[in-house]
Amino acid sequence: MDRVYVCSCFGVTEQQVKQHAANGACTPRQIASACKAGTDCGSCVRRIQAILGRGACPRRDLADQGRPVLAALDEAA
């Protein structure tokens, strides 16, 4: 299986970014909080934005209520 790296500074793959998004990360800042992608050189931020797209945040209602929206990921991936 080929791994497409989004963030070479921290070795974060496209699949990991998509998994964080599926777990509720709606913005590049939330992705950064989950896995550090985009926090070093910043060259991957536009790619992260493209992966996140402009769709609705699946857990925006939880965020609006002040509840946690990000889940921990298994390191098995």
Side-chain angles (χ1 to χ4, degrees):
M1 178 174 151
D2 292 329
R3 290 184 182 216
V4 178
Y5 287 94
V6 173
C7 176
S8 57
C9 294
F10 293 104
V12 178
T13 65
E14 184 173 314
Q15 185 60 38
Q16 288 172 307
V17 171
K18 289 178 180 179
Q19 185 63 51
H20 287 301
N23 287 337
C26 302
T27 65
R29 183 170 288 183
Q30 290 175 337
I31 294 292
S33 293
C35 64
K36 295 187 180 180
T39 62
D40 194 24
C41 77
S43 66
C44 60
V45 174
R46 287 184 185 253
R47 177 74 178 129
I48 292 168
Q49 288 172 327
I51 292 169
L52 294 175
R54 298 193 182 272
C57 178
R59 299 190 185 176
R60 175 77 59 192
D61 56 334
L62 295 176
D64 290 342
Q65 296 170 14
R67 295 173 51 198
V69 295
L70 298 179
L73 290 178
D74 292 310
E75 294 297 325

Quick one: do V17 and Y5 end up in the same hydrophobic cluster if we chain Ile, Leu, Val, Met, Phe, Trp and Tyr together by side-chain heavy atoms under 4.5 Å apart? no
For a quick test of reading the model, state the closest non-hydrogen atom pair linking C41 to C9 and the distance between them. SG-SG, 3.7 Å
Specify the closest pair of heavy atoms between A34 and H20, including all atoms of both residues, with the distance to one decimal. CB-ND1, 3.4 Å
Verify the cluster assignment for V45 and V6: are they in a single hydrophobic cluster under the rule of side-chain heavy atoms below 4.5 Å apart? no
Measuring from T27:OG1 to Q49:CD, what's the distance to the nearest 0.5 Å? 9.5 Å
Same cluster or not: are V12 and I51 linked, directly or through other Ile, Leu, Val, Met, Phe, Trp or Tyr residues, by side-chain heavy atoms under 4.5 angstrom apart? yes
CD of Q15 to CZ of R3: how many Å apart, nearest 0.5 Å? 10.0 Å
Straight-line distance of I48 CD1 to C35 SG, nearest 0.5 Å: 6.5 Å
So which atom in A21 and which in L52 form the shortest heavy-atom distance, rounded to 0.1 Å? CB-CD2, 3.7 Å
Looking at CZ of R29 and OG1 of T39, how far apart are the two atoms once the value is rounded to the nearest 0.5 Å? 11.5 Å
Excluding sequence neighbours, so at least two apart, what forms side chain to side chain donor-acceptor pair (under 3.5 Å) with T13? Q16
If I compare all heavy atoms of A37 with all of C44, which pair ends up nearest, and what's the gap? C-SG, 4.1 Å
Who are the salt bridge (Lys or Arg N to Asp or Glu O under 4.0 Å) partners of K18, not counting sequence neighbours? E14
